[in-house]
Protein chains: 2
Amino acid sequence: MTQIKHNQLPGKTVERLSQYRRILYNSIREGKTNIYSHELAKMMNLTPVQVRRDLMLIGYSGSQSKGYVIKDLVDLIGRIIDSKEGQKIIIVGMGNLGRAITSYFVGKREKLFIVAAFDNDLQKTDRIVAGVPCYHVNRLKEVIEKESIRIAVLTLAPEATHEVARKLLDAGIRGILNYTSVPLTVPPGIYLEEYDIVTSLEKLAYLVKQ
Amino acid sequence: MTQIKHNQLPGKTVERLSQYRRILYNSIREGKTNIYSHELAKMMNLTPVQVRRDLMLIGYSGSQSKGYVIKDLVDLIGRIIDSKEGQKIIIVGMGNLGRAITSYFVGKREKLFIVAAFDNDLQKTDRIVAGVPCYHVNRLKEVIEKESIRIAVLTLAPEATHEVARKLLDAGIRGILNYTSVPLTVPPGIYLEEYDIVTSLEKLAYLVKQ
DNA sequence: GGCATATTGTGAAATTTGTATCAACATAAA
DNA sequence: TTTATGTTGATACAAATTTCACAATATGCC
Ligand SMILES: NC(=O)c1ccc[n+]([C@@H]2O[C@H](COP(=O)([O-])OP(=O)(O)OC[C@H]3O[C@@H](n4cnc5c(N)ncnc54)[C@H](O)[C@@H]3O)[C@@H](O)[C@H]2O)c1
Ligand SMILES: NC(=O)c1ccc[n+]([C@@H]2O[C@H](COP(=O)([O-])OP(=O)(O)OC[C@H]3O[C@@H](n4cnc5c(N)ncnc54)[C@H](O)[C@@H]3O)[C@@H](O)[C@H]2O)c1
């Protein structure tokens, strides 16, 4: 009778749920129907306890004999992470990284759609790039509002980052994934994820050095 | 008299040190010589206390009147993160992502060098790609050993991930940055960082949905 | 000088995140 | 039926990380 309460899941748990699902998709493809916490844990470099704890938080129960039913678990994770209608995403900056991400991502998830890209280079605008229509940045607000887009990925030249971020928020974007080397600050209620490969490499270099 | 002990810095602190330095480079470029904890904090979406705590951990002291001396701080972070001789890095998989990362990274840091890339596509091997020599993967061990390389970035097609990872470890790689969608497991003493854009986007989608 | 203000450095508390342990239960074999 | 084995779910515990609170101190202004 445990109530499913996924209102305030820990951030780390949300990330792991996404990764559980990625692995479970593969398991389904291999014909598996059930999985034990220790199997999932091994594939993710975690302890079985942590897996069970995450699943407990989302209110999913397995059986002692068969473990977890993969299909049900995938569905539940979907109900927690995905929104029913799906979420639309835009890419801003269709250079090397923007194109790599777009072509990698397209069709990857049922409920996440990259619906448009933007650039200020006329060579790239008003055509299909990496499978997605690419508009001129001065049409950001127009497209975002018309399509009710709430998530944006920033892969543009660093100089314009702040200005573009401001315009995105103004147009109604609620979540930003920032890959530029310029850190952003966003008001409360807006979600921001940042990632820089240099940080990852410097961390590795520090660890390896020890 | 506080002893500088940067033997076992928290992982999160190491990441932030890298980011502090990135910001401080910009501040230097803008002509700033000193900075207060609250200024640095604002630029990184942190609290001033956290900044001071991190700097305390690396044994750096500022002054109440002028804050921190940017140049000194950058130098100290360098002494902690960088190794004196520098670290060599290889890229395995010179597709869209591999090339984007390589051309972005080359020349970015004084003490980190992407010295080689590898692929199994004969169209890409035995030539310079994105400014770096690209070899056939069957020469991994040879090059890694000859050049004493300890860090590898994985941007190859997912199928070959496990096999390549095994070969990397066999050849002496100590740190892996894995961008493929296949999670890895590594033995103790080997450092692993993984990143997947899908996880970041799904986390954002979850947050935005709330 | 004396006072108001601003900043750093840090012990201690709070929070977040991960781990160990174990009762309860299901299964299969003796 | 009884026992051995293995798994889940949950509570208690531990570790990592962040935040609070405030002493100490430098500066500028009256
Ligand atoms: N986070 C990471 O790990 C990582 C890795 C590589 C690159 N990067 C960053 O990602 C960004 C893009 O890198 P890249 O290698 O693709 O560079 P790139 O030069 O290939 O692409 C930049 C693109 O942005 C476009 N652009 C410039 N100004 C714009 C504006 N005002 N509005 C819209 N588009 C604009 C350019 O026309 C170009 O197409 C850079 O900021 C770079 O620092 C991050
Ligand atoms: N982490 C992320 O955010 C992210 C984003 C995009 C792509 N990816 C992943 O990165 C990888 C590369 O993506 P991409 O878009 O560049 O794909 P891509 O197809 O453009 O590049 C893959 C490259 O790997 C090479 N390759 C294949 N087998 C190899 C082997 N055994 N040894 C060496 N090289 C080999 C191919 O020749 C090709 O050049 C994929 O695994 C993809 O899933 C991750």
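Below, chain A is the first sequence line, B the second, and so on; all start at residue 1.
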Extract from the structure each pairing of a protein N or O with an N or O of nucleotides 13-16 of chain C at less than 3.5 Å, listing the distance.
none

- request: Decide side-chain contact (heavy atoms from CB on, under 4.5 Å) for B:R109 and A:V198; before the verdict, give the C-alpha distance in whole Å, the side-chain angles of both, and the deciding distance to 0.1 Å.
  value: CA-CA 8 Å; B:R109 286 287 178 275; A:V198 178; 3.6 Å; yes
- request: Give one of base, sugar-phosphate or nothing for A:P10, where a contact means two heavy atoms less than 4.0 Å apart.
  value: sugar-phosphate
task: Kindly determine whether B:Q87 and B:R150 satisfy side-chain contact (heavy atoms from CB on, under 4.5 Å), including the steps that lead there.
output: CA-CA 7 Å; B:Q87 289 267 3; B:R150 291 195 287 183; 3.9 Å; yes
task: Write down the distance between CD (B:E15) and C1' (D:dT18), rounded to a whole number of angstrom.
output: 15 Å
- line: Among the nucleotides C:dT8, C:dT7, C:dA12, whichever has the atom closest to the side chain of B:S37 is C:dT8
message: If the condition is ring pair (Phe, Tyr, Trp, His ring centres under 6.0 Å), which residues does B:Y104 pass it with, not counting sequence neighbours?
response: none
Euclidean distance, atom NZ of residue B:K12 to atom P of D:dA15 [Å, nearest integer]: 18 Å
task: Identify which one of B:K108, B:R21, B:R22 satisfies the salt bridge (Lys or Arg N to Asp or Glu O under 4.0 Å) criterion when paired with A:D196.
output: B:R22
statement: Residue pairs passing the side chain to side chain donor-acceptor pair (under 3.5 Å) test with at least one member in residues 154-170 of chain B, sequence neighbours excluded, are B:K141-B:D170, B:T161-B:T180, B:E163-B:K167
Of the listed nucleotides C:dT8, D:dA10, D:dT8, the one nearest the side chain of B:Y68: C:dT8
Distance-only check: which donor-acceptor pairs under 3.5 Å involve side-chain atoms of residues 70-77 of chain B, not counting sequence neighbours?
residue	atom	partner	partner atom	Å
B:K71	NZ	B:D75	OD2	2.9

- request: Could you list the residues that satisfy salt bridge (charged side-chain N to carboxylate O under 4.0 Å, His left out) with B:R16, not counting sequence neighbours?
  value: B:D54
message: Does anything in residues 178-204 of chain B form a ring pair (Phe, Tyr, Trp, His ring centres under 6.0 Å)? List the pairs, not counting sequence neighbours.
response: A:Y195-B:Y195
- request: Heavy atoms under 4.0 Å is the rule here; annotate nucleotides 21-30 of chain C 5' to 3' with B where the base is hit, S where only the sugar-phosphate is, and - elsewhere.
  value: ----BSS---
- request: Would you indicate, yes or no, if C:dG18 has its OP1 or OP2 atom less than 4.0 angstrom from a side-chain nitrogen or oxygen of A:R16?
  value: yes
message: One pair to check against side-chain contact (heavy atoms from CB on, under 4.5 Å): B:L168 and B:I90. What are the steps and the verdict?
response: CA-CA 10 Å; B:L168 289 172; B:I90 57 171; 4.0 Å; yes
message: Side-chain N or O of B:Y36 versus OP1/OP2 of C:dG9: is the shortest distance under 4.0 Å?
response: no
Range-with-range stems of DNA chain D (Watson-Crick or G-U pairs under 3.5 Å, three or more in a row): C:1-30 with D:1-30
message: Tell me every residue that passes side chain to side chain donor-acceptor pair (under 3.5 Å) with B:E145, counting only those two or more places apart in sequence or in another chain.
response: none
query: Quick one: which of A:L140, A:I149, A:V92 gives a side-chain contact (heavy atoms from CB on, under 4.5 Å) with A:I173?
result: A:I149
task: Return no unless some side-chain N or O of B:T47 is found under 4.0 Å from OP1 or OP2 of D:dT19.
output: yes
Identify the pairs formed between an N or O of the protein and an N or O of nucleotides 1-3 of chain D at a distance under 3.5 Å, and give each distance.
none

message: Within the 4.0 Å heavy-atom criterion, would you say B:T13 contacts the bases, only the backbone, or no part of the nucleic acid?
response: nothing
Side chains of residues 41-49 of chain B: which donor-acceptor partners sit under 3.5 Å, not counting sequence neighbours?
residue	atom	partner	partner atom	Å
B:N45	ND2	A:L184	O	2.6
B:T47	OG1	B:Q50	N	3.2

- request: Whole angstrom is fine here: how far is it from CD in B:Q50 over to P in D:dA16?
  value: 17 Å
task: Could you tell me whether B:K32 and B:E39 have a side-chain N and a carboxylate O separated by less than 4.0 Å?
output: yes
- prompt: Is the shortest side-chain N/O distance from A:S61 to OP1 or OP2 of D:dG9 below 4.0 Å?
  reply: yes
task: For A:T33, enumerate each residue passing the side chain to side chain contact (heavy atoms under 4.5 Å, CB included) test, keeping only those at least two apart in sequence or located in another chain.
output: none
